[in-house]
Amino acid sequence: MIKKYYEMTPDERLASLNLLEQDKQYLHNHQDSIHEQLVENYISDLNVPIGILKDIQLNGKSYNVPMAIEEPSVIAAANYGAKLLKTGGGIKATLSSPTVMIGQIMFKNIDFEEINIFVKSNQVQLFKTAQMAKPSIYKRGGGLKSVHARQVSKKQVSIDFMIDTKDAMGANIVNTILEAELVLFNMYESNIVGAILSNYATAQVVTITGSVAIPAVGGKQAAQKIVELSEFGQNDCYRATTENKGTFNGISAVVLATGNDWRAVEAGGHAYASRHGKYQSLTSWHIDGNLLVGTLKLPISVGIVGGAISAMPQSQINLAICNIDSADELRSVIGAVGLAQNLAALKAIANGGIQRGHMRMQYRALALQIGANKNEIPELVSKLVAEAYVDESIAKMKLMELRNET
Ligand code: MEV
């Protein structure tokens, strides 16, 4: 009998693909028996470099933070930003209401007052149902904390369930509870649009503040330029998008390294960036006396247990490197990395652009791209740094020169 695709082994799937033997072998060498169990139609792993942000000071503690990212200069920039933020006394994180996720049951063609009264008068039942649906989260001190109706439009209402998921990111916990709660709304069955968690995790807003001694960024004038650049990000959507992308270079690299869902964090962050009716930068910088002071504010919904995080050894190892004890601590570290990343980018841009500072990293990537081997890369990079202008053809020429010299 012919196997269905999802029934095949990873190697059988590889064999069915139109690929060179050496490419199949490469993918075979990067297979992981745990990852094979995580997703359907598995063939291999994608390898993303992991590097360390060494010694970021947050709430009086020093962290080594693993970052998973392919972009060459990001980890170097994060390290630099973290170093700058030490000059102002380290970073501080405050959390709104930790670990509470929001789940929605959505209704159409319904009168707000009617469903509001229904929710208010059925609180006991709503709480009991949540507990029966997910007793394990109650054992850990979590569970449904409150539930209320929220008017979305004239005829649309969302019943919002605030659920404490403790150290789990909690998507499965929330969805399990919501789906159990649906039964209570049987009489409104034809009005129900759907039930699902919200990634707009406004109950988990993290506020990160950090300061830099003004001489460390090159003096008052340089600090002023950073402030002006930051103001641009508050007013211009084009700039805000790029600035937030840079902040997410740091945030998403840690979210990914720890096995968390970076799409959820990014979606929540971008929605939060639009909360005042226009899309703005998530960070802002101002001068206060001798300090350049920055703030980053966004919802960060992550976990340290559950789902893929517990299944993937790499996530567990990365959490161990980071020496993280709770989801709240991880959330704070992720925010701190975002602020450091943003600071490094703004400082570089305000001082003539990012290319100059990160040339060695960019040239290493270029050297790899044009086929330089491990032994040739350092010398080729040194040659390229000495050039006023570099592109792929110049890099290739320099590589040929180098090969002829040796
Ligand atoms: C590049 O990946 C990120 C930056 O563009 C961020 C920014 O412009 O603020 C440097």
Side-chain angles (χ1 to χ4, degrees), residues 46 48-53 56 65-85 91 206 208-212 216-218 222-257 262-263 265-267 269-270 272-274 278-287 292-298 300 334-366 368-369 390-391:
L46 171 72
V48 177
I50 303 171
I52 298 289
L53 162 45
I56 186 166
V65 189
M67 300 175 73
I69 192 155
E70 84 301 341
E71 193 175 322
S73 52
V74 168
I75 299 171
N79 273 281
Y80 182 56
K83 197 167 139 196
L84 288 178
L85 284 160
I91 305 165
V206 178
I208 305 289
T209 53
S211 305
V212 191
V217 289
Q224 189 55 37
K225 277 172 121 182
I226 292 174
V227 171
E228 284 158 10
L229 195 51
S230 164
E231 284 167 356
F232 221 92
Q234 292 302 319
N235 293 322
D236 177 37
C237 179
Y238 286 85
R239 175 59 203 145
T241 305
T242 319
E243 191 173 352
N244 287 341
K245 185 275 181 191
T247 304
F248 276 111
N249 276 344
I251 290 175
S252 300
V254 188
V255 174
L256 177 60
W262 79 96
R263 287 89 57 211
V265 176
E266 290 189 4
H270 292 303
Y272 197 71
S274 311
K278 63 175 183 175
Y279 187 85
Q280 294 176 295
S281 169
L282 290 163
T283 60
S284 68
W285 292 90
H286 68 274
I287 291 173
L292 173 68
V293 182
T295 304
L296 166 64
K297 214 172 160 187
L298 81 161
I300 301 180
I334 290 169
V337 176
L339 188 71
Q341 198 77 54
N342 173 246
L343 172 63
L346 295 193
K347 180 171 181 294
I349 297 167
N351 284 291
I354 59 167
Q355 295 305 96
R356 243 183 4 182
H358 298 143
M359 238 149 34
R360 291 197 89 84
M361 306 299 293
Q362 308 284 357
Y363 291 166
R364 254 158 59 180
L366 181 59
L368 271 172
Q369 188 187 316
V390 173
D391 63 8

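Order of listing sets the numbers, starting from 1, for every ligand and every atom in it. These numbers come from the heavy atoms of this one structure, side chains and all, not from hydrogens, waters or symmetry mates.
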*Asks:* Are any non-hydrogen side-chain atoms of Leu298 and Ile251 less than 4.5 angstrom apart?
*Replies:*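 Yes. Closest side-chain heavy atoms under 4.5 Å.
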
*Asks:* Residue-level breakdown please: for Ile349 versus ligand 1, do any non-hydrogen atoms fall below 4.0 Å on the side chain, on the backbone, on both, or on neither?
*Replies:*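 Near ligand 1, Ile349 shows its side chain, while the N, CA, C and O stay back.
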
*Asks:* Apply side chain to side chain donor-acceptor pair (under 3.5 Å) to the pair Gln234 and Ser284, showing each step before the final yes or no.
*Replies:* CA-CA 8 Å; Gln234 292 302 319; Ser284 68; 5.0 Å; no

*Asks:* Select one of side chain, backbone, both or neither to describe which atoms of Asn342 lie under 4.0 Å from any atom of ligand 1, heavy atoms only.
*Replies:*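 Looking at Asn342 and ligand 1, no heavy atom falls under 4.0 Å.
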
*Asks:* Can you tell me how far apart CD (Glu231) and CD (Gln224) are? Round to the nearest 0.5 Å.
*Replies:*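 Output value for this atom pair is 7.0 Å.
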
*Asks:* List the closest protein heavy-atom neighbour of atom 9 (O) of ligand 1: residue, atom name, distance to the nearest 0.1 Å.
*Replies:*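 Nearest neighbour among protein heavy atoms for atom 9 (O) of ligand 1, to 0.1 Å: Arg239 NH2, 2.7 Å.
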
*Asks:* Can you confirm whether Trp285 sits close enough to Leu339 that some side-chain heavy atom of one is under 4.5 Å from a side-chain heavy atom of the other?
*Replies:*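 Result yes, sub-4.5 Å side-chain heavy-atom pair found.
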
*Asks:* Within the structure provided, determine whether Tyr80 and Leu343 are in side-chain contact (heavy-atom separation under 4.5 Å).
*Replies:*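 No. Closest side-chain heavy atoms not under 4.5 Å.
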
*Asks:* Under 4.0 Å, heavy-atom basis, I'd like to know which part of Gln341 is in contact with ligand 1: side chain, backbone, both or neither.
*Replies:*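 No part of Gln341 comes within reach of ligand 1.
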
*Asks:* As an exercise, identify every atom of ligand 1 less than 4.0 angstrom from a heavy atom of Gly246.
*Replies:*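 With Gly246 as reference, the close atoms of ligand 1 come out as 3 (C), 6 (C).
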
*Asks:* Mark yes or no for whether Thr241, through its side chain, and Cys237, through its backbone, hold a donor-acceptor pair below 3.5 Å.
*Replies:*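 Confirmed, Thr241 side chain pairs with Cys237 backbone.
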
*Asks:* Which option out of Leu343, Thr242, Leu346, Val74 puts a heavy atom nearest to atom 5 (O) of ligand 1?
*Replies:*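 The nearest heavy atom belongs to Thr242.
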
*Asks:* Please list the nearest protein heavy atom to atom 1 (C) of ligand 1 with its residue and the distance rounded to 0.1 Å.
*Replies:*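 That would be Glu71 OE2, 3.5 Å.
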
*Asks:* Can you list the atoms of ligand 1 that are under 4.0 Å from a heavy atom of Asn249?
*Replies:*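 What qualifies from ligand 1 is 1 (C), 2 (O), 3 (C).
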
*Asks:* Could you list which atoms of ligand 1 come closer than 4.0 Å to a heavy atom of Glu243?
*Replies:*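 Atoms satisfying the 4.0 Å criterion: 9 (O).
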
*Asks:* Quick one, Gln341 and Thr247 - any side-chain contact, counting heavy atoms below 4.5 Å?
*Replies:*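 Contact flag for Gln341/Thr247 side chains = no.
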
